[in-house]
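Remarks on the structure that follows.
Position 1 is the first residue of the sequence, and the numbers go up from there. Note that the structure is a prediction, hence the values are computed from the model and not measured.
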Amino acid sequence: MIKVSGITKSFDSLQILKGIDLEVNKREIVSVVGPSGAGKTTLLQIIGTLDNPDDGRVEIDGIEPFRLKEKEMANFRNRHIGFVFQFHQLLPEFTALENVMMPAWIAGTKYDAARRKAGELLDFLGLSDRMEHKPSELSGGERQRVAVARALINRPSVILADEPSGSLDTQNKDELHALFFDLRNRMGQTFVIVTHDERLATKTDRIVRMKDGIIIN
């Protein structure tokens with residue numbers, strides 16, 4: 001489902017990625033681990049088309065997004081890739097419901113349909129009574145579940161998560177990790193997760209270990 005071949009990336013004279021090959025299957029949950037500076041987040045950003053590789057190829061669902069024009073690639077990203085970040089990146093002036101609706105609006109979904117889909121997701125994630133609350137009125141765990149709902153609303157091919165539980169306490173971490181597996185089992189969702197949390201990594205289908213810009217296993 002995801003095929004990454006020969007990816008390299010440098011910033012000035014520093015080479016961050018040194019020829020990365022990686023495949024991820026549909027419905028697979030893959031964790032990417034390694035020390036700081038190993039290139040994990042850079043790889044995730046390239047898979048998510050948030051950054052361009054210097055060389056190599058990325059293919060998602062049979063499409064090579066870096067061959068698309070800029071607007072086409074933005075549309076591809078919106079429809080095929082969901083993102084969950086460490087610090088949720090919710091828009092503070094909007095409610096939980098509105099934050100979840102945002103990618104659907106961008107994709108051209110009509111307001112009523114986007115609202116219905118967002119409400120269903122928030123209800124599924126146990127947030128039916130928090131829909132009209134703004135991020136500042138939510139707990140850390142609730143904010144991350146809203147971020148997961150936002151990532152899911154367009155039914156993407158893959159969710160890319162960068163340290164998604166890094167800012168959470170142990171209980172909320174465990175609940176978020178359990179949610180990922182529940183989403184895979186119920187919705188067939190694919191995940192690529194960058195994490196320093198070995199407890200999470202050992203639960204995933206496969207661990208990809210990186211060091212100094214290469215995959216070492």
Side-chain angles (χ1 to χ4, degrees), residues 2 9 16 29-33 36 39-52 58 60 65 70-71 73-109 114-115 117-127 130-169 171-180 183 187 189-197 200:
I2 299 174
K9 182 68 179 180
I16 304 298
I29 300 180
V30 174
S31 56
V32 182
V33 303
S36 297
K40 306 183 300 297
T41 293
T42 301
L43 175 60
L44 203 71
Q45 289 174 337
I46 289 174
I47 294 173
T49 72
L50 297 176
D51 199 0
N52 297 325
V58 174
I60 300 174
E70 186 174 350
K71 187 174 181 180
M73 185 161 66
N75 289 334
F76 176 87
R77 183 189 307 123
N78 175 255
R79 294 178 180 276
H80 289 264
I81 305 171
F83 296 93
V84 180
F85 303 98
Q86 180 175 352
F87 296 107
H88 61 76
Q89 305 293 343
L90 300 177
L91 298 173
E93 66 271 29
F94 293 101
T95 65
L97 185 67
E98 290 166 339
N99 268 282
V100 175
M101 292 170 66
M102 204 70 66
W105 279 339
I106 293 170
T109 304
R115 184 181 178 86
K117 289 170 64 179
E120 289 171 353
L121 281 169
L122 288 169
D123 183 50
F124 174 73
L125 297 179
L127 293 169
R130 312 295 279 170
M131 293 187 192
E132 300 303 328
H133 289 67
K134 293 184 177 179
S136 61
E137 300 170 310
L138 302 174
S139 70
E142 288 170 339
R143 287 194 289 266
Q144 279 300 63
R145 278 186 281 161
V146 173
V148 171
R150 179 184 59 188
L152 286 167
I153 194 164
N154 287 335
R155 285 298 184 98
S157 304
V158 61
I159 290 182
L160 305 178
D162 191 1
E163 296 289 357
S165 58
S167 62
L168 301 179
D169 60 30
Q171 179 179 342
N172 281 306
K173 279 185 181 183
D174 290 343
E175 290 176 359
L176 183 66
H177 298 165
L179 174 61
F180 291 158
L183 290 171
M187 302 173 66
Q189 192 61 61
T190 305
F191 288 86
V192 179
I193 306 170
V194 165
T195 184
H196 281 102
D197 191 324
L200 168 59

Sequence-distant partners of [X], side-chain contact (heavy atoms from CB on, under 4.5 Å), two or more places apart:
X: Pro103; value: Asn78, Arg150, Ile153, Asn154
X: Glu142; value: Leu127, Arg130, Leu138, Ser139, Arg145
X: Ala114; value: Met101, Ala104, Trp105, Thr109
X: Gln171; value: Asp169, Glu175

Taking side chain to side chain donor-acceptor pair (under 3.5 Å) as the definition, give me every residue that meets it alongside [X], ordered by chain and number, with sequence neighbours left out.
X: Glu98; answer: Thr95
X: Thr49; answer: Arg77
X: Asp197; answer: none
X: Asp174; answer: Arg199

Taking ring-ring contact (aromatic ring centres under 6.0 Å, His included) as the test, write out the residues that go with His80, two or more places apart. Phe76
Please say which of Thr190, Leu152, Ile29 ends up in a side-chain contact (heavy atoms from CB on, under 4.5 Å) with Leu183. Leu152
Please check if atom CD in Glu93 has more than 12 non-hydrogen atoms from other residues, nucleotides or ligands closer than 6.0 Å. yes
I'd like to check Leu176 versus Leu179 (side-chain heavy atoms, cut-off strictly below 4.5 Å). Are they in contact? yes
Contacts of Asp123 that satisfy salt bridge (charged side-chain N to carboxylate O under 4.0 Å, His left out) - sequence neighbours left out: none
Residue set satisfying salt bridge (charged side-chain N to carboxylate O under 4.0 Å, His left out) with Glu132, at least two apart, ordered chain then number -> Arg115
Rounding to 0.5 Å, atoms CZ (Phe85) and CG (Leu44) come to a distance of 8.5 Å
